[in-house]
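Throughout, residue positions are numbered sequentially from 1 according to the sequence presented.
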Amino acid sequence: MKKLIALLLCMILAMCALTACQNSEVNEGGDENKEETEMTDIDLITNGRTDYKIVYPANATEFEMFAVNELVYFFNQATGISLVKISDEGADTSTSNKYLSVGQTSVFEASGITATRDELGPNGFKIERKDNTVFLVGNKDTGTMFSVYEFLRLNFHYECYHKDEIKIDQNVSELKLADFHVLKRPDIDLACANYGELIFDPTFAYRRGMLIDEDMFINVGGNFWHNSFNYLPPHTYAAQHRDWYYYGNGESAEPTQLDYTNDEMRLALTEVLKQYLLDNPTLENITITHQDNRQWCNSAKNLELREKYGTDAASMIIFCNKVAKDIREWLNETDPGREINIIMFAYFATEQAPTRYNEETGSYEPIDSEVVLDEDVCVFYAPINADYNSSAYSQANVNMYNTLQQWKALTDRIFLWTYSTNFDYYMGMFNSFDSMQSIYQMARDADVYYIFDQGQFNSSVSTGFSRLKMYLNSSLAWDVDADMDMLIQDFFDNYFKGASVPMKKLFDSMRLHYAYLRDDTNMDRSIYANIINENYFPKGVLDGWMDIIDEAYDSIADLQDTDGTLYRALEDRIKLESLSIRYLLIEIHGSTYTSNQLYRMKSEFKLDATKLGMDRYKERNGALNFLWSEWGVL
């Protein structure tokens, strides 16, 4: 076994040596959406000055003002020019003015240009030149925000690799105005920030083309997901309405789920939902999602529906359809025209869709009309048992693919929740790199509206090349067919800079080793796999990876004398990726070191992890203080 692994590593390193010298430019993504732009003879910048002003709506939203300020900031970074910004109140709406019109201004409204939901979705946008004016606009304000980043990308080669690594041209003093006719809509309309580094820093998420939960969903009593008890808390209602809840056939002292066939409960929940809609007039997505367990009510009505449709999803669909009908009638009176999505889970008991396969048409179809989702009801499919180490189109993921097709037969709006980490071992690399693009392509082909590719959502800083995942997740949501190899190389060149070659070599070696574990061992492929096994990670393999880490440090050593700030930044980035290897050496091979050596390794690990801002090593009960206690390095 060890000889096989050693031979495999030699092949890996040889392959890395051949590929490390390749240098490619990034594919911007979504190119099929935009037309080619030619340059005009109009000066955007000349002699280090500009006549252009930003005009924004007098009643601008937070996102529109954020977009304006981002444009001011990055334009200044590239040119040294501080753009003047003015409200559209009383502004001349002639397009002969040299305006950068951000959002749906009065200038935009007078221009004849459209920005409809049908063509742009919620996050798409247009960048359109008309005479001297350039319009940066989405149908929604989030689309307007993303149009600003595209404008910066097209003019100044802007790109955000991480919150502290943003590329943009410098000292631009001459630039003609392009004849912009850009329409860009992401392949997946909504991409949700999926790592703590993005979630806890929304500006970073926005600069990467993603949104956070609060931007899209109504918070129900503190929860976006598994929130059925937030609508109707058992401690408030159970005493007088025990029949609203399911108690696990009487085995549980506390309720485990709602009974979704109880009409009285449904009417009570509907009234609570109405209040949430009133309190959140600008948000359109609200979930009714069952509690995070595999139980489901066994009332007579539920058993009848389960027998008829073969899945507990039927009772949830019928319940949500009735809620949606009542809500639509109410909205038609109180807020006509408001768009809403009431979202249910396809997860655990409700994962299977109530469909059947039609041999003649070669497609899935609803069992009957009762289980077709109302136009205001959506499904949130969470294939927790899929193999995220393998392609979405592999035999290992046939069930995920087929289930997605089944739900597509019931609704034209699917929310997708996938997984990209090992939730018991945040410190290890999880090789979802081999499935990522195929999952996004499968999602696009199924007309998935929203994707949450759940990573280390509750961790402030993540190792295991998680920052590369953040870059790829957001890039692929906009263009699922982007050249992933080029994206990866572009990230390494710009994020690791002088250490790009050895760090790319390390990544390739680790990725190939994880593929070997997937294909040639019995290692569990789940998102909770136990990876602490010397057969999976022999010491020689881990030592070889640490040797590459040392190569990376050596490759930036000269910067200590020429650019200390850059050196320290790159040193920290290399050190962050070393932690996933050092953790495995300590956990798996700790017995091969003397007690003093092991204590020093643990202490240095703690010092580095703390300095880098890490705070968790697993999802649940995973605060690093627990690990320090276990290691004896408090």
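- For Asn530 and Tyr425, the side-chain atoms include at least one donor-acceptor pair closer than 3.5 Å.
- A salt bridge links Glu70 to Arg207: one of the charged nitrogens lies within less than 4.0 Å of a carboxylate oxygen.
- Between the side chains of Glu619 and Asn458, no donor-acceptor pair is found at a separation under 3.5 Å.
- In this structure, Ser459 and Asp615 have side chains that are in contact, with non-hydrogen atoms separated by less than 4.5 Å.
- At least one donor-acceptor pair closer than 3.5 Å links the side chain of Arg185 to the backbone N or O of Asp118.
- By the 4.5 Å heavy-atom criterion applied to side chains, Cys192 and Asp213 are counted as neighbours.
- Between Phe125 and Trp478, the two ring planes are tilted [angle within 30° to 60°].
- Of the N and O atoms on the side chains of Glu365 and Asn358, at least one donor lies less than 3.5 Å from an acceptor on the other residue.
- Between Ile527 and Phe423 the shortest side-chain heavy-atom distance falls below 4.5 Å.
- In this structure, Lys469 forms a cation-pi arrangement with Phe433, its terminal cationic atom sitting closer than 6.0 Å to the ring centre and no more than 45° off the ring axis.
- Asn230 and Asn223 form a side-chain donor-acceptor contact under 3.5 Å, judged by distance and modelled atom types alone.
- Asp326 places a side-chain heavy atom less than 4.5 Å from the side chain of Leu267.
- Here Arg620 pairs with Asp292 in a salt bridge; the nearest charged N to carboxylate O distance falls below 4.0 Å.
- For Phe348 and Trp296, the ring centers sit 6.0 Å or farther from each other.
- Ring pair Phe146/Tyr149 is tilted by interplanar angle, where 30° to 60° counts as tilted.
- With ring centers used as reference points, His290 lies 6.0 Å or more from Tyr260.
- Judged by distance alone, the side chains of Asp189 and Asn123 never bring a donor and an acceptor atom under 3.5 Å apart.
- For the pair Arg616 and Tyr426, the cation-pi criterion (under 6.0 Å, within 45° of the ring axis) is not fulfilled.
- Gln104 contributes no side-chain N or O that, together with a main-chain N or O of Pro57, makes up a donor-acceptor pair within less than 3.5 Å.
- Salt-bridge check for Asp434 with Arg518: passed, with a basic side-chain N closer than 4.0 Å to an acidic carboxylate O.
- Atoms CG and CZ, on Asp141 and Phe66 in that order, are 12.0 Å from each other to the nearest 0.5 Å.
- The aromatic rings of Trp225 and Phe345 sit tilted relative to each other, their planes meeting at an angle between 30° and 60°.
- Defined by atom type and a distance below 3.5 Å, a donor-acceptor pair is present between the side-chain atoms of Gln275 and Asp279.
- Contact annotation: the side chain of Pro234 approaches that of Phe229 to within less than 4.5 Å [non-hydrogen atoms, C-beta and beyond].
- Lys163 places none of its side-chain heavy atoms less than 4.5 Å from the side chain of Arg208.
- Here the side chain of Ser474 pairs a donor or acceptor atom with the backbone of Met470 at under 3.5 angstrom.
- Using bins of under 30°, 30° to 60° and over 60° for the plane-to-plane angle, the ring pair Trp631/Trp628 lands in the tilted bin.
- No side-chain donor-acceptor contact under 3.5 Å links Asn422 and Asp424.
- Using cut-offs of 30° and 60° for the angle between ring planes, the Tyr347 and His226 rings count as tilted.
- Looking at Leu410 and Pro354, their side chains come closer than 4.5 Å, going by heavy atoms from C-beta outward.
- For the 3.5 Å distance criterion, the side chains of Glu64 and Thr144 fail to qualify, holding no donor opposite an acceptor.
- Remark: aromatic rings of Tyr381 and Phe415 are distant, center separation not under 6.0 Å.
- Ring orientation note: the planes of Tyr450 and Phe217 are nearly perpendicular, at an angle over 60° on the 30°/60° scale.
- Listed for the Asp187 side chain is no donor-acceptor partner under 3.5 Å among the backbone atoms of Arg444.
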